[in-house]
Each structure stands twice: as structure tokens, then as C-alpha cells.
Amino acid sequence: ERQTPYGSLSERTVQVDFDPPRIVLQYRADDEKNTNTNRQTIMKTLLCFNLGPVSSVILDTPFSNGKIRLGKGSRGSLFVFGRDNRAVVQDEWTRLLALRPTRRWKLL
């Protein structure tokens, strides 16, 4: 076990490095290029930018069963993570992460 000022952490402790938080503003629109009767709705991006610094945290996982994971931060924060295996959700996250953020000076 690893001791911190906020309690002990187990051998299931990892350091997680995060990119800056990303803000994305989108709206749904009909695909006007598609002329058949089965028009698809597409997402159009208005804004995509990062806000804030990169960060790094230490997380312990005292419990995990494949559907939920309980997490404990090195400063005592508690987290509950859930898994969503629906392909549509996974595809949406993949698509959002592939967007290139606008540079800060272009937003001004």
C-alpha cells in the first residue's frame, strides 16, 4: 500500500495524464448532398477548443467489475465510472476526439 496524507492507496494505483478539457459546440443538420429519401442527419461543428491546462492525477481502483469502477484520488476524492458498450456512444467519442481544436488566437 502507498500512504498519502488522505489515506492509503492499493497496488491498483495508476497515474493518469489528461489533455486539457475540450469544449465542442455542435448542431444537427440534414445532409443536403444526399438526395435520396433516406436523408441522414449530420453533426456540424460550430466551436472546438481546449480550455485549461494539461493535468495529472493519481487514481486508485478499490473495486472494478467490468461495468462500474470505483476510484479514489490521492487527495481523497471519490469517483464512480460507468462503462457504456453501445457502439453509437463509442463512435461519437472517437469522432469528437478526432476534431482539431481551434487555436486560441483564432477564437479572439
> Tell me whether V57 is reachable from V80 by hopping between hydrophobic residues (I, L, V, M, F, W, Y) whose side-chain heavy atoms are closer than 4.5 Å.
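They do not share one cluster, since no chain of ILVMFWY contacts under 4.5 Å joins V80 to V57.
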> Where do D60 and P62 come nearest, in terms of heavy atoms and distance?
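Taking every non-hydrogen atom into account, O-CD, 3.4 Å.
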> In terms of hydrophobic clustering (I, L, V, M, F, W, Y; side-chain heavy atoms under 4.5 Å; direct or indirect links), are F18 and V14 co-clustered?
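Yes.
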> So how far is it from T102 OG1 to L47 CG, rounded to the nearest 0.5 Å?
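Those atoms lie 6.5 Å apart.
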> Any side-chain heavy atom of T13 within less than 4.5 Å of one from I58?
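Yes; the side chains approach each other to less than 4.5 Å.
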> Which heavy atom of L96 sits nearest to which heavy atom of R22, and what is that distance?
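Closest approach of L96 to R22: O-NH1, 3.5 Å.
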> Closest heavy-atom contact between F79 and G73?
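Closest pair (atom of F79, atom of G73, distance): CE1-N, 4.0 Å.
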> From T94 OG1 over to L99 CG, what is the distance, rounded to the nearest 0.5 angstrom?
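That separation rounds to 11.0 Å.
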> State yes or no: do L51 and L25 share one hydrophobic cluster built from I, L, V, M, F, W and Y residues joined by side-chain heavy-atom distances below 4.5 Å, directly or via other members?
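Yes, one cluster joins them.
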> Should C48 and R100 count as side-chain neighbours, where that means a heavy-atom distance under 4.5 Å?
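No, every pair of side-chain atoms sits at 4.5 Å or beyond.
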> Below 4.5 Å, heavy atoms only, C-beta onward: do K44 and L46 meet side chain to side chain?
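Sidechains of L46 and K44: no contact.
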> Is the shortest heavy-atom distance from the side chain of T61 to the side chain of F63 under 4.5 Å?
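No, side chains not in contact.
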> Can you name the nearest heavy-atom pair linking P21 to P53, along with the distance?
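P21 and P53 have their closest heavy atoms at CD-O, 4.0 Å.
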> Are the side chains of I68 and F81 in touch, meaning some heavy atoms are under 4.5 Å apart?
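They are not in contact (no side-chain heavy atoms under 4.5 Å apart), so the answer is no.
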> Does atom CZ of R83 have more than 12 heavy-atom neighbours from other groups under 6.0 Å away?
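Counting other residues, nucleotides and ligands, CZ of R83 stays at 12 neighbours or fewer.
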> How many angstroms lie between CZ in R86 and CG in D91, if you round to the nearest 0.5 Å?
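Reported to 0.5 Å precision, the distance equals 11.5 Å.
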> Examine the side chains of Q90 and R95 and answer whether a donor and an acceptor come within less than 3.5 Å of each other.
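There is no such pair between these side chains.
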> Which value, rounded to the nearest 0.5 Å, describes the distance between Q26 atom CD and T45 atom OG1?
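If we round to the nearest 0.5 Å, Q26:CD and T45:OG1 are 4.0 Å apart.
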> Hydrophobic clusters here meaning ILVMFWY residues chained together by side-chain heavy-atom distances under 4.5 Å, can you tell me if V24 and L97 are in one?
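In one cluster: no.
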